Amino acid sequence: MDILKGLNQRQREAVKWAQSPVLILSGPGSGKTMVITHRIAYLIKELGVNPFNILAVTFTNKAADEMKKRVAKLLMAGRGSQVAGRRSQGNKRQATSDMPWIATFHSTCARVLRHDINQIGFDRNFVIYDDLDQLNLIKECLKELEIDPKQYRAPAFAAAICRAKENLIDYESYLIYTKTREDFYREMTAGVYEHYQKKLFKNNALDFDDLIMKTVELFREKPEVLEKYQERFIHILVDEYQDTNHAQYAFTKLLASKYKNICVVGDEDQAIYAFRSADIRNILEFEKDYKECKPEVFPLSMMEDYRSTQPIIDLANNLIVYNEERRKDKGKIILPKGKKKRKGPVPVLQELPDELEEADYVLGEVRRLHGEKKVPYHDMAVFYRVNAQSRVLEDAFRKARIPYAVVGALGFYEHKEIKDILAYLRVLINPKDSLSLKRIMNVPPRGIGKVTIQRMMDFANKKKITLWEAVRKVEEIKGLSSRSQWLVKNFRNLMFKYMELTRSLGVGELIKKLIKEIGYIRQLEKADTFTSEMRIENLKELIDAANQFEERNEDKSTQAFLEDVSLICEIDTWDDKAKAVTLMTLHNAKGLEFDTVFITGMEEGFLPHANAFREEMELEEERRLCYVGITRAKRHLYFTYADRRRLYGTTYWGLASRFIAEAGIEREEMAVPRGERFKVGVIIIHPEFGKGKIIKATGFGEDRKVEVVFAGGKRKKLAIKYANLQRI
DNA sequence: GATCAGTAATGTGGA
DNA sequence: ATTACTGATC
């Protein structure tokens, strides 16, 4: 039973229980990844499940990679002794890989669609559009629908379409929905959505949300396809279940509906993606969904924390009880491992005059901890709510010559030069991709200007053919000068040549040759601007990445490479072994841990963010975000806020975040004037309701009123004058 | 047709 | 502050 070694009782149960759907509620630092990986290993080694029949879904590639590594390690250990006991569960025909399928939702769906999307009338060679491509395509739609892009913003349509897809609402449904109410704007959105979707189809492209939605569509429309995958993925595990949206929920539900061997792991207190339609109810109501879930056993909650010291755990617990939308059944506060309190330094709260001094303060502490406490740089992180806050911090780190790494901002694959080259690859694979074709036709400049491209597009629209076909038939286009035609023909020959080469060359070699032939680097050198050098470096890195991809993967095709890079996100490429302090948003911080954590910008309007003030639900999400931040810290934790903060060219006058008081981080100066006894954070006893904590306080003296959360979760507004409260 | 300069619009979080 | 778009100039 070596797989169970080193696990506590709860964790063992979670690993072993294979007879029903399983919900595991895992608090921060409770060994969630360990449970998932050990469960996978247990299924394979102890129960004889074929790895081929296991699917584990995560939200980032980084999490997937980490999980793969750990599973591989577990499977390697004691190899040989267990193999004899392995019983294959069907699917003997198919090649058995030693490793289960561990990947993100998006790449899992992409893979399914690569195989079977033709069954619902799509081309299997589709390309994947990122959000910038999406935005450009929507702009095209607006133009064609003659909607004034100044009056109606393209990003607003993009967001609406994303939200719709995340909830599995296709444009037909969206249209029907709008018909039931008189909403001009929604009707317009429905029109854009329809047009956008048809254009995607013409380009043979899918956007991110399509990957999930089309897979669900495929499963629903083709039961035989669904069954194929149900037989393939007999055991399903989902990580970060609290962050699944409706589409992802439907995907897992469909897959699991046959064998019901589904194990989901999550923590609603760490749900921070409602803004992209993650639905916290998925985890709150898991047992309703899966009736076979044994309520006497599950949910299994793991609230023992192996990560943080007691003072940090206390703050996290203090803060999170202010949220109402939580599962009430798990007595949910984090407990230190083994009931033994781990001592540690008291978290620090520091007020600063402005964002520059805030950065200086952080730097000072980084230096001190590095020097005095020997905390390595890579074990420290600075968190902030919005990406824009990173600039000042970066400057400070650069000046101080302390190594740092920013996660976020502009990702490698979002750089213009990289996107240009990738657009070439896309067209080579899928010439129907008119958006990418338009992008590269004159990059680097080869004399094919806007007018020429517009004429070709008009021609294509008139003849109902794609832009690429228009390129092929350029001789037939009237109104183009012979010079233009000649230039287009040259471009066409170039593309023909590379379409051939795509078949014979590896993707690394292909990119290298292509960049050279089109003179991309030459043109950058000529431009010799501030960024040229960096861009050339980036291109070299791209070639590198392609070569590495070929080394690492079985499928070395350009197609596979494109898919890989399309689905990479920023956190995936961040290397935590680098000897650098990490700067990132609170959203990116989930799932990570550091010895030292700085949470900066603890101000009303930033954390909680001003856009979250309207609804209690949104405020709770901000609180969870703060909770996530706090619980990343193993030992040292800092909060900073600035009285005055310049951002986006304006000055914001900051008030200390309400979360500071809620978490019970007190500074002397923060006490209410005239020494009010009943202030926020104070624990009281009420003669009728018992023990509670003050979460809001208004008025002074005789008029003092407080809002209290009582132990059972009840909230009451009380006047000090009448309610006989005792401080404890 | 390419390039540059000035103007206008925008700013939460992300696969 | 940065970027996207427009119009004027080469």
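Nothing here was measured: the structure is a model prediction, and the numbers come from that model. Both backbone and side-chain heavy atoms feed into the values below; hydrogens, waters and symmetry mates do not. Proteins come first, then strands; the chains are lettered A, B, ... in the order of their sequence lines, and each starts at number 1.
- Backbone-only engagement by A/Thr452 is indicated by non-hydrogen atom pairs under 4.0 Å involving sugar-phosphate atoms exclusively.
- Note on A/Asp395 versus A/Arg398: salt bridge recorded, some NZ/NE/NH1/NH2 to OD/OE distance being below 4.0 Å.
- Mapped onto DNA chain C by nearest heavy atom, A/Arg391 and A/Lys139 fall at different nucleotides, with A/Arg391 at the one closer to the 5' end.
- Not a single salt bridge (charged side-chain N to carboxylate O under 4.0 Å, His left out) links A/Arg391 to another residue, sequence neighbours left out.
- Salt bridge A/Glu475/A/Arg492: present, at least one basic N to carboxylate O contact under 4.0 Å.
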Distance-only criterion, 3.5 Å: show the donor-acceptor pairs between side-chain atoms of residues 558-567 of chain A and protein atoms not counting sequence neighbours.
unit_1, atom_1, unit_2, atom_2, d
A/Gln559, OE1, A/Arg114, NH2, 3.2
A/Gln559, NE2, A/Asn125, OD1, 3.0
A/Glu563, OE1, A/Arg114, NE, 2.6
A/Glu563, OE1, A/Arg114, NH2, 2.8
A/Ser566, OG, A/Leu562, O, 2.7

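- Every ring pair (Phe, Tyr, Trp, His ring centres under 6.0 Å) that A/Tyr174 has, sequence neighbours left out, goes to A/Tyr193.
- Taking the salt bridge (charged side-chain N to carboxylate O under 4.0 Å, His left out) definition, one finds that A/Asp209 meets it with nothing, sequence neighbours left out.
- Ionic pairing of A/Arg646 and A/Asp354 is not present here: no N-O contact between side-chain nitrogen and carboxylate oxygen is shorter than 4.0 angstrom.
- On the nucleic acid side, DNA chain C has its first and last nucleotide under 4.0 Å of a heavy atom of chain A at C/dA1 to C/dC5, going 5' to 3'.
- With P as the reference atom, C/dA4 and B/dG13 are 16 Å apart, rounded to whole Å.
- Between A/His587 and A/Tyr273, the angle of the ring planes lies from 30° to 60°, which puts this pair in the tilted group.
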Check nucleotides 9-15 of chain B against the protein and report each pair of N or O atoms closer than 3.5 Å, with its distance, or say if there are none.
unit_1, atom_1, unit_2, atom_2, d
B/dT10, OP1, A/Arg153, NE, 2.3
B/dT10, OP1, A/Arg153, NH1, 3.1
B/dT12, O4', A/His609, NE2, 3.3
B/dT12, O2, A/Arg385, NH1, 2.9
B/dT12, O2, A/Arg385, NH2, 2.2
B/dG13, OP1, A/Asn387, N, 2.6
B/dG13, OP1, A/Asn387, ND2, 3.1
B/dG13, O4', A/Arg385, NH1, 3.4
B/dG14, OP1, A/Thr585, OG1, 3.1
B/dG14, OP1, A/Asn588, ND2, 3.1
B/dG14, OP2, A/Asn387, ND2, 3.4
B/dG14, O4', A/Arg276, NH1, 3.2
B/dG14, N2, A/Glu166, OE2, 3.4
B/dA15, O3', A/His106, ND1, 3.4

